[in-house]
Undergrad: 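One structure is given below, represented as structure tokens, and several questions about it will come after.
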Amino acid sequence: MVTKQKKLELVKKYGKNAKDTGALPVQIAILTEDIENLKLHFQKNKKDIHSMRGFMSKVNHRKALLSHLKDVDYELYIKTIKDLNIRK
């Protein structure tokens, strides 16, 4: 789970201001942080199938947000995936 402090940092970094939590890059950054934390969880707990469902839901939600961002603003999409190191 992403801490409040980490969320504030991500909002400041990817949003237009400190309260811009609805921007697509902010939502994608928060989901990415959560996904990375869950990856570490699954390395330790390989048989945690119930949490895997939530993990897959987060991955699919991020994928949909990235697809929408790509359609709306391609340059911001490229900048976001480069900053978050999502795709190779």
Side-chain angles (χ1 to χ4, degrees):
M1 184 134 175
V2 182
T3 63
K4 233 179 203 184
Q5 183 64 30
K6 186 64 177 174
K7 277 187 187 179
L8 287 175
E9 291 173 16
L10 292 171
V11 170
K12 286 180 186 175
K13 184 174 180 182
Y14 294 102
K16 294 176 185 166
N17 56 44
K19 295 189 177 194
D20 189 16
T21 58
L24 285 174
V26 173
Q27 292 181 37
I28 293 168
I30 291 171
L31 279 171
T32 301
E33 184 69 25
D34 212 9
I35 289 168
E36 293 302 319
N37 290 340
L38 282 171
K39 281 183 187 177
L40 297 174
H41 171 76
F42 290 126
Q43 286 176 351
K44 295 176 186 173
N45 306 292
K46 296 182 192 298
K47 295 186 178 185
D48 189 0
I49 302 301
H50 296 290
S51 294
M52 183 65 75
R53 181 172 185 261
F55 172 76
M56 293 306 297
S57 175
K58 288 177 190 291
V59 170
N60 289 332
H61 187 202
R62 183 180 71 175
K63 184 178 177 183
L65 289 174
L66 282 168
S67 177
H68 180 67
L69 182 60
K70 185 177 180 181
D71 292 342
V72 173
D73 188 353
Y74 188 74
E75 291 177 11
L76 184 59
Y77 165 77
I78 295 296
K79 182 181 179 298
T80 303
I81 62 172
K82 193 176 288 186
D83 287 349
L84 295 172
N85 197 22
I86 294 175
R87 303 203 174 145
K88 297 175 184 169

Undergrad: Minimum heavy-atom separation for V11 to A18, with atom names?
TA: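 Shortest heavy-atom separation between V11 and A18 comes out as CG1-O, 3.2 Å.
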
Undergrad: Output the distance between atom CD1 (I78) and atom CD (E75), rounded to the nearest 0.5 Å.
TA: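 So the CD1 of I78 and the CD of E75 are separated by 9.0 Å.
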
Undergrad: Of all heavy-atom pairs between L24 and L65, which one has the smallest distance, and what is that distance?
TA: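 Closest approach of L24 to L65: CD2-CD2, 3.6 Å.
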
Undergrad: To the closest 0.5 Å, what do you measure between CG (D71) and OH (Y77)?
TA: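 Interatomic distance, D71 CG to Y77 OH, rounded to 0.5 Å: 10.0 Å.
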
Undergrad: Quick check for you: to the nearest 0.5 Å, what is the distance between L76 atom CG and K70 atom NZ?
TA: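 One gets 14.0 Å once the value is rounded to the nearest 0.5 Å.
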
Undergrad: Out of curiosity, does L10 fall in the hydrophobic cluster containing I81 (side-chain heavy atoms, cut-off under 4.5 Å, transitive links)?
TA: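 They do share one cluster, since a chain of ILVMFWY contacts under 4.5 Å joins I81 to L10.
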
Undergrad: Is there side-chain contact between R87 and L66, with heavy atoms separated by less than 4.5 Å?
TA: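 SC-SC contact between R87 and L66 confirmed.
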
Undergrad: Hey, what do you get for CZ (R62) to CD1 (I86), rounding to the nearest 0.5 Å?
TA: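 R62 atom CZ to I86 atom CD1 measures 4.5 Å (nearest 0.5 Å).
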
Undergrad: Between K7 and V2, what is the shortest heavy-atom contact and its length?
TA: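 Closest heavy-atom pair between K7 and V2: CG-CG1, 3.7 Å.
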
Undergrad: Name each donor-acceptor pair under 3.5 Å that joins a side chain in residues 34-42 to protein atoms two or more places apart or in another chain, with its distance.
TA:
{"unit_1": "D34", "atom_1": "OD2", "unit_2": "K58", "atom_2": "NZ", "d": "2.7"}
{"unit_1": "E36", "atom_1": "OE2", "unit_2": "K39", "atom_2": "NZ", "d": "3.2"}
{"unit_1": "N37", "atom_1": "ND2", "unit_2": "E33", "atom_2": "O", "d": "3.4"}
{"unit_1": "H41", "atom_1": "ND1", "unit_2": "N45", "atom_2": "ND2", "d": "3.0"}
{"unit_1": "H41", "atom_1": "NE2", "unit_2": "D48", "atom_2": "OD2", "d": "2.7"}

Undergrad: In terms of hydrophobic clustering (I, L, V, M, F, W, Y; side-chain heavy atoms under 4.5 Å; direct or indirect links), are Y74 and Y14 co-clustered?
TA: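 Yes: a chain of side-chain contacts under 4.5 Å links Y74 to Y14.
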
Undergrad: Could you grab the distance from atom CG of L84 to atom CD1 of I28, nearest 0.5 Å is fine?
TA: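 Output value for this atom pair is 7.5 Å.
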
